[in-house]
J.: 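Quick one: this structure, given as structure tokens, is what I'll be asking you about.
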Amino acid sequence: MPVKIYNTLTRKKETFQPIEPAHIKLYVCGITSYDYCHIGHARSALAFDMIVRYLRYLGNKVTYIRNFTDIDDKIIARAAEQNTTTEELANRFIDEFYIDMDKLGVDRPTMEPKATEHIQEMIDLITELIDKDMAYPAHGDVYYSVNSFAGYGKLSGRNLEDMQAGARISVNENKHNPMDFVLWKASKPGEPSWESPWGPGRPGWHVECSAMSRKYLGDTFDIHGGGQDLIFPHHENELAQSEGANGKPFVKMWIHHGFVTIRDEKMSKSLGNFLTIRDILDHYHPEVLRFFIFSTQYRNPLDFSEAAMQDAMTGLDRLYECIAAVEKLGDKSQDSDEPVATTKDRNKLETLEERFQKAMNNDFNTAQAQGTLFEAVKVMNKIMRQLSAPPAKTDHTLLVTTAATIKKLAAVMGLLQEDANAYLAAKKAAMLSAIDIKEEEIENLIQERNQARVDKDWGRSDEIRDQLLDQGIELKDGPEGTGWSVKRN
RNA sequence: GGCGGCGUAGCCAAGCGGCUAAGGCACUGGUCUGCAAAACCAUGAUUCAGCGGUUCAAAUCCGCUCGCCGCCUCCA
């Protein structure tokens with residue numbers, strides 16, 4: 001079953017065929033390092049983490065490169081504000097980035113090159129473009145000549161005339177064409193700079209990705225990814241640089257994920273309506289954020305809200321509770337000629353992996369894939385409800401096997417990575433610490449209430465229950481005694 | 001102005017020409033319970049923004065209208 005991927009370049013879903021069989025080469029544009037990361041960055045990191053995990057799950061080798069932009073105008077400006085160097089600032093936020101990524105359980109890419117460590121490669125690339133008459137120096141800057149590249153605009157579906165009609169282009173005397181973009185920028189006094197054939201300066205933004213992808217993945221590679229806002233101008237320009245210099249197709253598949261929105265508006269630093277990853281992780285388990293992000297297919301906009309996060313938490317709990325229930329069965333079973341699971345149930349569970357793959361092969365449709373997991377959970381819960389004391393061996397095996405499959409498949413999205421009981425216990429403890437009551441106190445009240453119940457003193461019994469409920473504790477009377485949980489609000 | 005995307009039950013969200021339009025949350029009913037809660041089970045769209053068209057067949061393709069959003073400037 002082949003993987004189909006929506007390719008921005010062709011605007012179609014295409015069957016994905018790696019250039020080198022079973023070895024996929026992927027380049028993703030990483031962060032510009034000058035501030036804490038927001039949920040949008042989390043979506044990007046998690047989307048590609050999931051894509052890489054899935055491709056590996058299918059048995060491919062994946063070489064995954066994700067860069068750090070550690071020099072640009074914003075970094076220079078912010079470093080100046082903070083009275084520090086661009087290097088210190090960039091490295092500090094790279095460290096912070098790793099803290100967030102580790103909490104989210106994002107696997108490290110194969111390599112994470114930094115722009116400032118590839119200045120020579122960029123200078124070489126720019127030199128090649130000048131030699132080919134595709135770029136020209138002017139007063140210490142070097143510009144890419146968009147007219148020299150016939151395919152300019154093919155990725156973003158624009159043409160030069162249309163773009164020039166929209167008058168949002170800054171006037172720059174040095175440019176031959178207003179759409180020409182900078183490859184090398186002469187540095188102003190006091191700014192970080194590197195020596196070059198055109199004088200001291202620093203690289204333009206787009207050129208770093210062309211230089212680094214070529215170095216680590218070659219002239220042509222399989223997948224290039226990033227957020228939808230990078231399509232133009234960043235990726236369009238990268239493509240022009242790379243194909244211009246190399247004379248070969250740059251990338252087979254372009255993958256662009258959608259934005260995270262808040263109240264249906266794009267979250268961005270310039271709008272100031274963003275939430276950082278750590279804001280979220282202060283309040284939610286990392287897997288809740290993952291569950292939320294994967295509840296929508298990666299290309300669609302994803303609207304963040306507390307309600308949506310609560311839904312995600314409830315959904316994740318349902319998955320964990322099912323796994324925990326299976327584990328609670330232990331390994332006792334009996335030979336019985338009357339298993340509870342029907343042929344239909346069995347079939348549903350045995351085809352889980354197949355249906356999951358079908359969903360994921362459809363342009364990494366994690367929303368649909370989550371659905372297949374819940375379908376399985378529903379069937380398992382139904383079986384468990386009907387199970388006899390020591391369950392029939394075939395039922396037992398079916399449940400245990402399916403639980404293992406669910407965990408394996410959920411791992412593609414980085415979900416259900418914790419021990420189910422530990423997850424549920426930790427959650428209970430965390431919720432308990434958020435309210436003002438001790439576990440011992442609860443247990444004592446339960447004792448008292450149980451006595452009242454034995455005495456059939458329903459008044460006192462209900463009084464205690466209501467009192468605890470006021471404090472956020474819900475009681476659950478069951479065959480094995482009275483349990484409790486912290487009420488969600 | 002140019003380019004692109006979206007509009008599916010109360011909310012979120014799959015479905016990409018043909019099986020009963022996945023799944024989650026909420027609601028309601030049932031099982032359980034002294035009554036509850038929790039848990040589990042069951043249940044909802046004759047219909048996919050609207051109007052036309054193509055087709056034996058459309059939520060799915062085409063056209064128009066309405067509404068929302070993104071890119072065209074740094075941006076995941």
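Throughout, a chain's letter reflects where its sequence line sits, starting with A, and its residues are numbered from 1.
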J.: Ring pair (Phe, Tyr, Trp, His ring centres under 6.0 Å) between A/Y423 and A/H285: does it pass, once the steps are laid out?
T.: CA-CA 10 Å; A/Y423 169 87; A/H285 189 282; 5.1 Å; yes
J.: Both distances under 3.5 Å, Watson-Crick or G-U wobble: report the partner of B/rG7, or none.
T.: B/rC66
J.: For this output row, return yes or no: ring centroids of A/Y34 and A/F93 closer than 6.0 angstrom.
T.: no
J.: Sequence neighbours left out, what pairs pass salt bridge (charged side-chain N to carboxylate O under 4.0 Å, His left out) with at least one residue falling in residues 270-280 of chain A?
T.: A/E96-A/R278, A/D100-A/R278
J.: Looking for any heavy atom pair under 4.0 Å, which part of the strands does A/G40 touch: base, sugar-phosphate only, or nothing?
T.: base
J.: Select base, sugar-phosphate, or nothing to describe what A/A367 touches, counting heavy atoms under 4.0 Å on all strands.
T.: base
J.: Is the centre of the A/F97 ring less than 6.0 Å from the centre of the A/Y36 ring?
T.: no
J.: Would you mind classifying the nucleic acid contact of A/N381 as base, sugar-phosphate or nothing, using non-hydrogen atoms under 4.0 angstrom?
T.: sugar-phosphate
J.: Report the residues that fulfil salt bridge (Lys or Arg N to Asp or Glu O under 4.0 Å) with A/R43, sequence neighbours left out, ordered by chain and then residue number.
T.: none
J.: OP1 or OP2 of B/rC71 sitting under 4.0 Å from any side-chain N/O of A/K266?
T.: yes
J.: Rounding to an integer number of angstrom, what distance separates B/rC69 and B/rG44 when you compare their P atoms?
T.: 35 Å
J.: Could you pull out all residues at least two apart from A/S210 that satisfy side-chain hydrogen bond (donor to acceptor under 3.5 Å, both in side chains)?
T.: A/Q241, A/S242
J.: Quick one: list whatever passes side-chain contact (heavy atoms from CB on, under 4.5 Å) with A/R346, sequence neighbours left out.
T.: A/E350, A/T394, A/L398
J.: Please list, chain by chain and in numerical order, all residues satisfying salt bridge (Lys or Arg N to Asp or Glu O under 4.0 Å) with A/E112, sequence neighbours excluded.
T.: A/R66
J.: Assess the side chains of A/R290 and A/Q417: does a donor N or O sit below 3.5 Å from an acceptor N or O?
T.: no
J.: Quick one: look up who B/rA22 pairs with, Watson-Crick or G-U, both distances under 3.5 Å, and put none if it's unpaired.
T.: none
J.: Partner lookup for B/rC35, please. Criteria are Watson-Crick or G-U wobble with both distances under 3.5 angstrom; report none if nothing qualifies.
T.: none
J.: Which nucleotide, if any, forms a Watson-Crick or G-U wobble pair with B/rU55, using both distances under 3.5 Å?
T.: none
J.: Among residues 448-461 of chain A, which ones have heavy-atom contacts with RNA chain B below 4.0 Å?
T.: A/R449, A/R453, A/W458, A/S461
J.: Taking all non-hydrogen atoms of both residues into account, name the closest pair between A/S187 and A/P192 and its distance.
T.: CB-O, 3.9 Å
J.: Provide the Watson-Crick or G-U wobble partner of B/rA42, both distances under 3.5 Å; none if there is no partner.
T.: B/rU28
J.: Below 4.0 angstrom, N of the basic side chain to O of the carboxylate: do A/R460 and A/D455 qualify?
T.: no
J.: When the C1' atoms of B/rG17 and B/rA9 are considered, how many whole Å apart are they?
T.: 24 Å
J.: Give me the distance, rounded to whole Å, that separates B/rA59 from B/rC3 when you measure between the C1' atoms they each carry.
T.: 26 Å
J.: With sugar-phosphate meaning primed atoms plus P, OP1 and OP2, does A/I231 contact a base, only sugar-phosphate, or nothing at under 4.0 Å between heavy atoms?
T.: nothing
J.: Tell me what A/D72 touches on the nucleic acid: a base, only sugar-phosphate, or nothing, going by heavy atoms under 4.0 Å.
T.: nothing
J.: Need one value for A/L230: base, sugar-phosphate or nothing, where a base atom within 4.0 Å counts as base even if backbone is also close, heavy atoms only.
T.: sugar-phosphate
J.: Residues in salt bridge (Lys or Arg N to Asp or Glu O under 4.0 Å) with A/D141, at least two apart?
T.: none
J.: Looking only at heavy atoms, which two atoms of A/M101 and A/A45 are closest? And how far apart?
T.: SD-CB, 3.5 Å
J.: Rounded to the nearest Å, what distance is computed from the CD1 atom of residue A/I473 to the P atom of nucleotide B/rA37?
T.: 17 Å
J.: Using atom names, set out every protein N or O paired with an N or O of nucleotides 15-21 of chain B below 3.5 Å, distance rounded to 0.1 Å.
T.:
from: B/rG15; atom 1: OP1; to: A/N362; atom 2: ND2; distance (Å): 2.7
from: B/rG15; atom 1: OP1; to: A/N365; atom 2: ND2; distance (Å): 2.4

J.: Would you mind telling me which of B/rC35, B/rC72, B/rC74 lies closest to the side-chain atoms of A/R465?
T.: B/rC35
J.: Rounded to whole angstrom, note down the P distance from B/rC61 over to B/rG4.
T.: 15 Å
J.: Please figure out whether A/R11 or A/H206 has its closest RNA chain B nucleotide nearer the 5' end.
T.: A/R11
J.: Expressed in angstrom and rounded to an integer, what is the separation of A/L475 atom CG from B/rA39 atom P?
T.: 14 Å
J.: Determine the interatomic distance between C1' on B/rA45 and the same-named atom on B/rC27; round to the nearest Å.
T.: 16 Å
J.: According to the interplanar angle, ranging from 0 to 90°, do the rings of A/F221 and A/Y27 count as parallel (below 30°), tilted (30 to 60°) or perpendicular (above 60°)?
T.: tilted
J.: State which residues pass ring pair (Phe, Tyr, Trp, His ring centres under 6.0 Å) with A/Y284; sequence neighbours excluded, sorted by chain then number.
T.: none
J.: Taking the nucleotide of RNA chain B with the nearest heavy atom to each, does A/F291 or A/V379 sit closer to the 5' end?
T.: A/F291
J.: Output the residues of residues 256-265 of chain A in contact with RNA chain B, where contact means a heavy atom of the residue under 4.0 Å from an atom of the strand; sort by number or write none.
T.: A/H257, A/G258, A/F259, A/V260, A/D264
J.: Could you check which nucleotide pairs with B/rG1 in any of the strands shown, counting Watson-Crick or G-U wobble with both distances under 3.5 Å?
T.: B/rC72
J.: Rounding to an integer number of angstrom, what distance separates B/rA38 and B/rU8 when you compare their P atoms?
T.: 30 Å
J.: Taking only N/O atoms, report every protein-nucleotides 28-30 of chain B pair under 3.5 Å with atom names and distance.
T.:
none

J.: Under 4.0 Å from OP1 or OP2 of B/rG24: is there any side-chain N or O of A/R318 that close?
T.: yes
J.: Round to a whole Å and report the spacing from CD of A/E375 to P of B/rC41.
T.: 13 Å
J.: Parallel, tilted or perpendicular: which describes the rings of A/H235 and A/H224, with under 30° parallel and over 60° perpendicular?
T.: perpendicular
J.: If we take the P atom in both B/rG52 and B/rU47, what is their distance in whole Å?
T.: 15 Å
J.: Across the strands shown, which category fits A/T296 at heavy-atom distances under 4.0 angstrom: base, sugar-phosphate, nothing?
T.: sugar-phosphate
J.: What is the separation between atom CZ on A/F232 and atom P on B/rC71, rounded to the nearest whole Å?
T.: 13 Å
J.: CD1 of A/I446 versus P of B/rA37: gap in Å, rounded?
T.: 17 Å
J.: Rounded to whole angstrom units, what separation is found between the NE2 atom of A/H235 and the P atom of B/rA76?
T.: 11 Å
J.: For atom C1', what is the distance between B/rU55 and B/rC11, given to the nearest Å?
T.: 35 Å
J.: Given atom NE2 of A/H234 and atom P of B/rC71, what is their separation to the nearest angstrom?
T.: 16 Å
J.: Send over the distance from A/F292 CZ to B/rC11 P, rounded to a whole Å.
T.: 17 Å
J.: Using a 3.5 Å cut-off and no angle test, enumerate the donor-acceptor pairs between side-chain atoms of residues 380-387 of chain A and protein atoms at least two apart in sequence or in another chain.
T.:
from: A/N381; atom 1: ND2; to: A/V377; atom 2: O; distance (Å): 3.4
from: A/K382; atom 1: NZ; to: A/D345; atom 2: OD1; distance (Å): 3.0
from: A/K382; atom 1: NZ; to: A/D345; atom 2: OD2; distance (Å): 3.2

